[in-house]
Amino acid sequence: MGVSNLKTGLLRKYAAWRGERLQLEVKIAKIEAEYETVEEKRARIARLDELTKATVEIMAEIDPKWSPEHTKPVKPKNQVIPFEHGATTRTAFAIMRELARPTNPAELATLVMERLGGDVSDEDLMDRVKAAIDASLRSAGAEVRVLSTRPTRWEIVPISEA
């Protein structure tokens, strides 16, 4: 009876140790693959330093009042709109329903910014909101349709036609 329990426990530990070993091998492979790109990443950092230094010099010529501290870093591929995730799209669709007429992303961006309390005078933010609205409308599928191009005017498809 004691041998059976010992055997079962030992087999469980053996399986756990083999599984842990497999996990460690995968982690080591990932670390080694990342390590191979270290020099490439260091070279990119050096290039980014050159680019930011040049930008500081150019901006000093264009706008003497500007300072690098006025521009906070933004991580690439992160949401950079200062509103809750999805708020821009929900608000744009709500405004389209209220207007009950075709609208374009530029007009919607202004209305969305006003409703969400954004700074309408911030051109960069306005461009980002407009792009987010445009992307949302293009991916909305059968819920919306294009009525004209240049400027692109969108409308919500009435439920009776859906």
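All residue numbers refer to positions in the sequence shown, counting from 1. Only this structure's heavy atoms are used, side chains among them; waters, hydrogens and symmetry mates stay out. Values in this document were obtained by computation on a predicted structure and should not be read as measured data.
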Is [X] reaching over with its side chain to a backbone N or O of [Y], donor-acceptor style, under 3.5 angstrom?
X      : Y      : answer
Thr37  : Glu34  : yes
Thr8   : Asn5   : no
Ser139 : Ser136 : yes

Is it the case that atom [atom1] in [X] sees more than 12 heavy atoms from other parts of the structure closer than 6.0 Å?
X     : atom1 : answer
Glu98 : CD    : yes
Glu61 : CD    : no
Glu25 : CD    : yes

Contact summary for Leu99 and Thr103, nearest pair of heavy atoms
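The answer is CD1-CG2, 3.3 Å.
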What is the distance from atom [atom1] of [X] to atom [atom2] of [Y], rounded to the nearest 0.5 Å?
X      : Y      : atom1 : atom2 : result
Arg97  : Ile156 : CZ    : CD1   : 4.5 Å
Glu39  : Arg44  : CD    : CZ    : 16.0 Å
Gln23  : Ile28  : CD    : CD1   : 12.0 Å
Leu137 : Phe93  : CG    : CZ    : 5.0 Å
Phe83  : Leu116 : CZ    : CG    : 5.0 Å
Leu11  : Lys7   : CG    : NZ    : 6.5 Å

Just wondering, do [Y] and [X] contact through their side chains at under 4.5 Å, heavy atoms?
X      : Y      : value
Val112 : Ile133 : yes
Leu111 : Arg115 : no
Trp154 : Leu108 : no
Val120 : Glu114 : yes
Thr152 : Asn104 : no
Thr110 : Met126 : yes
Arg90  : Glu84  : yes
Lys30  : Tyr35  : no

Salt bridge check, [Y] against [X]: does any charged N sit closer than 4.0 Å to a carboxylate O?
X      : Y      : answer
Arg101 : Glu107 : yes
Asp134 : Lys130 : no
Glu50  : Arg47  : yes

